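Here the structure is laid out as C-alpha cells; the discussion comes afterwards.
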Amino acid sequence: MKNIIKKMFLLLPLLLLTSCFDILDKINVKADGSGEYSLILNASKSKTRLASISKMETINGKKVPKKSEIEAKINEAARIFKATPGISNVKTSMDFDNYIIKLSCNFKKIENINAGLEQLKAKNIVGKMVPVQLYSQSPEKKTFTRNKVSSFKNDYDKMNKADKEVFNDAKYTSVMQFENTIKAQTNNSYLLSPNKKAVKLEANVLDFILQKKQLQNTILFQ
Amino acid sequence: MKSILQKTQILLLLFAFSSIFSQQKMKLPKGVLFYMEINGKQLNQKINWQKLNPFLLEVAKEDKEKQASWNDYSKTGIKYDATQYHYANFNDSVKTYTAHFLLDNKEKFQEFINSSKKKGLEISKRKNYSYVNLDDELFVAWNDKQAVLKLIGYDKPSAEWNDEMTADSAAVTIDSAAAAVMDSAAVAVDSAYAEKAFDYKEEIKYLKDDIQYLKEDIKEYKAEIAKKEKDIKYLEKHHKYPEEEKDSSDKNYSEKESEYTLPHMEEEMDEETEEDSIYLKQMDSLKIEKFKITKKLAEKDFDDYFSSAPELDVSKEILSFRDSDSDVFVYTDYGRIVNNGAYGKIMSHYPFGNLMGKAYNSNSSYNLYFDNDKVRLVNSYQHKNEAVQKSINSVYRGKKNKKLTALINDKSIGYYAINVDGNKYFDLMYSLLKDSGEGNYQKEMELLMETMKIVLDEKAITKIAPGNGIFVLNELKSKTVEYTDYEYDDDYNEKEVKKTKEIAVPNFTFAFATENEGYWNRIFDMLTTNKVTAKKFSKNGDFYAFSEGKNDGYFDKLFFTVKDGIVYVTTSTENISAKNQSEISEKWAKDSAKYPLSGRFDIQKLMVGLEKEFKTPSERKTLDLLKKNLGEVYFKTEAKGEKIETEINYNIKNASENSLMYFFDVFDEVYKMKESDKKQPIL
C-alpha cells in the first residue's frame with residue numbers, strides 16, 4: 001500500500017484537482033506458491049478534468065508530467081521487474097483516453113514481488129522510505145501474510161490542502177485469490193468470497209493513510 | 001474669591017494647553033509598507049455584539065490553550081468607537097505589526113489582558129505605561145487611555161545574501177533608533193553578523209539538522225542490516241531461514257518483522273543524548289537572545305508612543321486617497337513589499353532585476369465600506385514613476401465598442417470586458433525599459449528597445465487586436481460522460497464496466513475587436529486546409545469549428561467566426577446572436593463599454609450550474625448554504641486623474657442587518673453546519 005501511495009506521489013501533479021481515482025491491487029496465488037500480481041490505477045472517473053490538466057504545464061506550482069514521461073517511468077519499472085529473478089510475463093498497459101494504467105506479472109513465489117520492489121527502490125524508481133517486504137508465505141504453516149506497513153500520516157499532514165484533496169474520494173481495493181481454501185484470517189475487514197478462495201478489502205485511501213483501517217492480514221489455509 | 005477662581009481656571013487652561021502642545025503626535029515610522037485606519041465610530045455602529053460575541057466565544061473554544069476566561073468581547077476596555085491605527089513594516093531582519101487603540105476602561109482592559117497572558121507572567125511597570133508579552137513576539141502596552149499592540153519578528157538575515165545585508169540593514173531599518181537600544185547580547189549577535197564573521201552557532205544548527213536527517217535514514221538501514229545479519233547467523237547455523245514462530249496473529253508478525261517495528265532501535269534513537277541536550281540548550285539560548293532583542297525593540301516603540309499624543313502623524317502621501325467616510329482605509333507600498341523582501345534581494349543579483357523592481361514600484365490604497373446591502377472596496381493604484389503612471393493611464397483609455405457589449409445578457413453567470421488601447425502597451429513597455437538598466441546595462445537596454453521598435457510593427461499588431469474584448473460565461477450545462485469502473489464477481493475477479501456521470505460544462509463566448517478581419521480569416525482558413533490541423537478544424541457556413549473527436553471533454557466543439565470587425569470564439573453558435581437586454585443588463589452593457597475593465601459574476605448562478613458536482617448529503621448541505629448566502633460581484637476600473645481606480649461591489653443576498661454582519665452570519669452558519677456534522681452518529 002505504502003509503495004502504491006509513493007507511486008501515486010509521482011503522478012500527483014496529474015491528479016491534482018481531482019478527487020476520484022481508484023487503485024486495485026491484486027494477487028492470485030497457486031497451491032505451489034507461484035502466481036500473478038496486478039496493479040490497476042483507474043482515474044477514469046476524472047478523465048474530463050485530467051484531459052484539461054494534461055494540457056497545462058504546471059498546476060498548483062507542480063509540473064504536469066507529459067504522457068511520454070509517465071510512459072518512460074512505467075516502462076522503466078517494468079524493465080526492472082523483468083530482470084528480477086522469479087518474475088516473468090511483465091505486462092504494462094497505459095490507456096490515456098480513460099486514464100487507466102495497468103501493471104501485471106507472474107511470480108514463482110510471492111517474495112519475488114518483494115525483491116522486485118527492492119530493485120525499484122535501489123534504482124530510485126520508488127523512494128527510500130518505501131517498505132518492500134509486502135507479502136510473505138509459509139507453505140509449512142499453510143499461511144500467507146499481507147504485512148503491516150507503517151503510517152503515512154506524517155507525510156500526509158505535511159501536504160498542502162490542494163494535495164490532500166486528491167485523496168478525498170480515492171478508493172483502494174486489495175484482492176487476494178488462492179488456489180487453496182481459506183480456513184481463517186486475522187483481519188476480518190477483508191471479505192471472504194463464497195468459495196472461500198479469495199478475500200477482498202475495499203476502503204478509502206485516506207482510511208489507510210490515517211490508519212483507520214489496517215491492511216495487514218494473515219490467512220490460514222485448510 | 002471670584003478672582004481666585006478665575007485665576008485658577010486660567011492656570012488650569014494654560015496647563016491643559018501646554019500639556020497638549022508638549023505631547024506631539026507620534027510620527028508614523030518611515031517606510032511603512034502597510035497602513036490601516038479603522039473608522040471605529042462608523043464600524044462600531046454596524047457591529048451587532050449580540051451576534052458577534054457568541055461567534056468569538058466559539059472561535060476561542062477552538063484554541064484550547066487560550067480557552068477561557070473571557071466571555072464578553074464587547075467589554076474588553078477597548079474604546080471600539082475610536083479610530084484604530086495599524087501599520088506594518090519589515091526589513092531584512094525585523095518584521096513588525098503595530099496596532100494603536102484607545103481605552104475607555106483601563107481596569108477592564110487589564111482584566112482582559114490578564115485572561116490572555118500566560119499565568120504567573122508579571123506585568124512590567126514603566127514610567128508612564130505598563131506592558132506584558134503575550135508570547136515571545138507579541139507585546140501589549142497601555143496606560144489609562146490608550147494601548148498599543150506590537151508583533152515583532154526577528155530573524156538574523158540569511159548569510160546567502162550577506163554582501164547585500166550590511167548595506168540593506170543601514171538603508172531600510174524600520175526604526176534605526178531601535179538598534180541603539182539593543183542590549184549587549186543583541187548587539188553582539190548583530191555585529192557578528194554585520195562583520196560576516198563565522199557563526200559557529202549557526203553552523204552547529206545546520207549540522208544538527210543534517211544529523212537529524214541522517215538519523216532518519218540510519219533507522220531504516222540499521223533495521224535492515226540487523227535483519228540480514230540475523231538471517232546470516234541463522235543460515236550459518238541451521239542452513240535454512242528461521243521458521244516463523246507464530247504466524248496467525250498480527251501481533252506476532254509485527255514482533256518478528258524488524259523492518260517495520262524495531263522498538264529497541266527506536267528507543268535508542270529517541271533517547272536524548274548529551275549531544276542533543278547541548279543542542280537544545282543552544283536553541284534555548286538563541287531563543288532567549290531573540291526575545292531580548294524583540295523586547296528591547298518593543299520597549300523603545302512603547303516609550304515613543306506613550307510620550308506622544310494618541311493620534312498618529314501620517315504623511316499626506318499615504319493619506320492622499322483616503323476617504324474619511326470609509327469604514328476601513330488601507331495603504332500598501334507594493335514596491336517596498338516586493339523590494340524589501342527576499343524577492344527583491346534575489347532580483348538585485350540579476351543584471352535585469354532592476355526592471356522587475358521598477359515594474360512593481362507602486363502603491364495601492366483601499367477604502368472599504370460595509371453598506372447595508374453590499375460591501376464596497378475602492379482601490380486606487382498609483383505607480384511611483386510619473387512617466388510609467390502616465391503610460392498606464394493612457395493604456396486604460398481605450399475606445400468604446402458597443403458590438404461587444406451586445407453579448408451581455410442578464411441570464412448569464414458573468415462577464416469580463418476590457419477596453420484598453422493596445423497601441424499604448426508598447427509605450428508602457430518602453431517606459432519600463434527606459435533607465436531600468438542603470439549603470440552597466442544602460443547601453444544594452446537602449447539597444448534592446450531600438451531592436452524591438454524595428455522588429456515590432458506596433459500599428460499592424462494593434463490592428464489585429466486593438467484592445468477591446470469580452471468573455472461572457474452564459475451558463476453551466478450538464479453533460480453525461482462515460483467512464484470505466486471495476487466490479488467484482490463472487491470469486492473477486494474484476495470486470496471492467498462502463499458507467500456514466502454528469503459533469504458541468506461551460507457555455508461561453510469570447511470575442512474581441514479587430515481592424516484586420518482578413519488576417520483572422522486567413523488563419524482560420526489555414527487551419528481548415530492544413531494537413532495536420534484539418535483533422536480537427538472544419539468549416540460550416542460562416543463558422544469554423546474545432547473538435548477533438550471525443551465527446552468526453554468540456555467542449556464538444558468550439559466555433560470561430562469573424563463578423564463586423566469582431567472575432568468570436570464560442571461553444572454555441574447561438575451565443576453570438578443579439579439578445580434582448582433588460583434594464584439592468586443594458587446598464588451593465590453601458591458600463592462595460594465605458595470602463596476600460598469591468599465585469600460581474602453571479603456566484604449563486606454558478607453554484608446552481610455546479611449542482612451536479614455536489615453529490616453526498618454533506619456536499620448538498622454545503623451547496624444549499626452557498627446558494628442561500630452567496631451574492632454577486634460587480635467591478636469596474638478606470639483611469640482617474642493620476643491613478644487607476646477599481647471599485648468592487650459585493651451584493652449580499654441573505655437577510656443580515658448589514659454587509660459586515662453578513663460575513664459573521666455566514667461564518668456562524670458554516671460553523672454550526674460543521675458542528676452538526678461532527679455530532680452525527682456513525683452508523
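Residue numbering restarts at 1 for every chain, and letters A, B, ... go by the order of the sequence lines. Keep in mind that this is a model prediction, so the values were computed, not measured.
Applying the salt bridge (Lys or Arg N to Asp or Glu O under 4.0 Å) test to B:K499 and every residue at least two apart in sequence or in another chain returns B:D485, B:E487. Listed by chain and residue number, nothing satisfies the salt bridge (Lys or Arg N to Asp or Glu O under 4.0 Å) test with A:E111 (two or more places apart in sequence, or in another chain).
Of the listed residues A:S38, A:P194, A:A51, the one with more heavy-atom pairs under 4.5 angstrom with chain B than any other is A:P194. When A:L191, A:T48, A:V175 are compared by the number of non-hydrogen pairs under 4.5 Å with chain B, A:T48 comes out ahead. Between chain A and the residues B:N493, B:D489, B:V481, the largest count of heavy-atom pairs under 4.5 Å involves B:N493.
Contacts of A:K196 with chain B are absent, with no heavy-atom separation under 4.5 Å from either backbone or side chain. Only the side chain of A:K47 comes within less than 4.5 Å of a heavy atom of chain B; its backbone N, CA, C and O stay farther away. Proximity to chain A (any heavy atom under 4.5 Å) is restricted, for B:K498, to the side chain, taken from C-beta onward.
Between B:F559 and B:T571 the shortest heavy-atom distance is CE1-O, 3.6 Å.
Side chains of A:I27 and A:I110 form a contact here, defined as non-hydrogen atoms less than 4.5 Å apart.
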Would you please test A:S174 and A:D25 for side-chain hydrogen bond (donor to acceptor under 3.5 Å, both in side chains) and show each step? CA-CA 5 Å; A:S174 171; A:D25 185 17; 4.9 Å; no
